[in-house]
Amino acid sequence: MESEFVAWLRERLPPHPLLRLGPGDDAAVLRLGDRAECVVTVDLLTDGVDFQVGQVDPRRIGRKALAVNLSDLAAMAARPVAAVIALALPRQGGLALARQLYEGLLPLAAEHHVAIAGGDTNAWDGPLAISITALGETTVRGPLQRKGARPGDVLMVTGELGGSILGKHFDFEPRVREALALHARYDVRAGIDISDGLALDLGRLADESSVGAEVRTDLVPVSAAAHRLAAERGDGTTALDHALGDGEDFELLLAVAPEDASRMAADSLGVRLTAIGRFVAEPGLWRIDAGQVRRPLARTGFEHSMTP
Ligand SMILES: [Mg+2]
């Protein structure tokens, strides 16, 4: 399990004077000067796991590889600066594939003023693997972290959730501008991007903050794709289940000071902002369905599997 490995790593790694925040958040934070701090994140996408080469336009793969990193920078409320890109390319058709990957990611890089600062490209007998490391800088407000949510804070989410497998997992907009604007204007106390599922990522944020969280399920913004997926599959999984448990929505989950929450919900950012619950002192995740009593919320979502 990836989370077990990260827990081991957090114990194992020695402290470093310049490393303010190491593994365990959406990105690392390095103290490089007295102005901004450097925020660093890396992601690895592989053919057969995250996508299927031959079934999707490689430009969408390239765009996604950068976008997932930008989403992690957004989760830290960091301004993107640069990226370095490592490619392991199949020997057959590798060069054409590399060009297409870049053609897909360059417009997104330009949109967010990200310099492609370098990288490495190898050919091998295995499938395509693409790993991007992105660098960002904090603003005067400092990095947003998973830790910092307090009992009474309002749980807010951007956009709509669920059913990303129908397309959004490639074409989502990383919430960089929204994160920077909200972090600048309001008392946002903690944040995470939803990469593995609302319930799972909320659990991570709550654990790091040493608080619990209650989700009002009737307030969760369920996407049209979630409704479509539930209808198509017809396996008893509801649209709400998809919104609670599907990964790769790459929306932001935020803990907001109660006095700022309603002002924030009314802010016109060009993206929907919804209050879906609150943080509580009692540890654990809870769901409150309309007219029902509170009960535990299962931490559904996607976890990368690893054999010991
Ligand atoms: Mg993340």
Side-chain angles (χ1 to χ4, degrees), residues 1-7 9-10 20-30 37-46 49-50 63-81 83 108 112 114 130-138 142-149 155-159 161-162 164 168-180 182-183 188-209 213 243-255 271 285 299-304 306:
M1 293 289 238
E2 191 184 21
S3 55
E4 264 175 56
F5 177 67
V6 173
L9 205 54
R10 288 172 84 169
R20 170 165 163 198
L21 191 63
D25 214 300
D26 287 284
V29 180
L30 289 164
E37 289 173 307
C38 181
V39 179
V40 188
T41 180
V42 62
D43 255 289
L44 171 64
L45 302 185
T46 40
V49 179
D50 300 284
R63 184 191 182 277
K64 176 176 181 175
L66 179 60
V68 294
N69 280 284
L70 297 184
S71 183
D72 277 327
L73 292 183
M76 306 296 290
R79 199 177 292 120
V81 175
L108 186 66
H112 291 279
V114 174
I130 175 168
S131 178
I132 299 187
T133 301
L135 308 173
E137 59 178 0
T138 57
L144 188 63
Q145 298 180 38
R146 292 180 183 183
K147 126 183 141 187
L155 172 61
M156 312 260 316
V157 68
T158 60
L161 303 175
S164 75
K168 185 186 177 188
H169 75 111
F170 277 117
D171 307 318
F172 66 92
E173 287 299 329
R175 300 297 186 193
V176 174
R177 284 176 286 259
E178 293 82 358
L180 290 170
L182 296 173
H183 191 48
V188 182
R189 289 175 172 156
I192 190 170
D193 66 326
I194 304 178
S195 53
D196 298 331
L198 166 61
L200 191 55
D201 287 315
L202 175 59
R204 289 170 176 152
L205 191 157
D207 288 349
E208 284 297 314
S209 294
L244 292 171
D246 285 1
E248 305 219 304
D249 268 310
F250 298 104
E251 296 295 345
L252 295 174
L253 209 50
L254 303 168
V271 64
L285 297 187
R299 295 189 181 209
T300 49
F302 178 79
E303 284 226 62
H304 290 272
M306 253 188 254

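Count residues from 1 along the sequence. We count ligands from 1, going down the list as the structure has it; atoms in each ligand are counted the same way.
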- Note on the structure: The OD1(Asp193)-the Mg ion (ligand 1)-OD1(Asp26) angle, to 10°, is 80°

- For the Mg ion (ligand 1), find the closest N/O/S atom belonging to Asp72 and write down its atom name. OD1

- Among Leu161, Thr158, Ile192, the one residue meeting side-chain contact (heavy atoms from CB on, under 4.5 Å) with Leu253: Ile192

- Message: Does any part of the side chain of Leu182, heavy atoms only, come nearer than 4.5 Å to the side chain of Met156, both counted from C-beta?
- Response: no

- Between Arg189, Lys147, Arg10, which is the residue that forms a salt bridge (Lys or Arg N to Asp or Glu O under 4.0 Å) with Glu208? Arg10

- Query: Got a sec: is Asp201 within less than 2.8 Å of the Mg ion (ligand 1) via an N/O/S atom?
  - Reply: no

- Only residue of Val176, Val81, Leu73 satisfying side-chain contact (heavy atoms from CB on, under 4.5 Å) with His112 is Val176

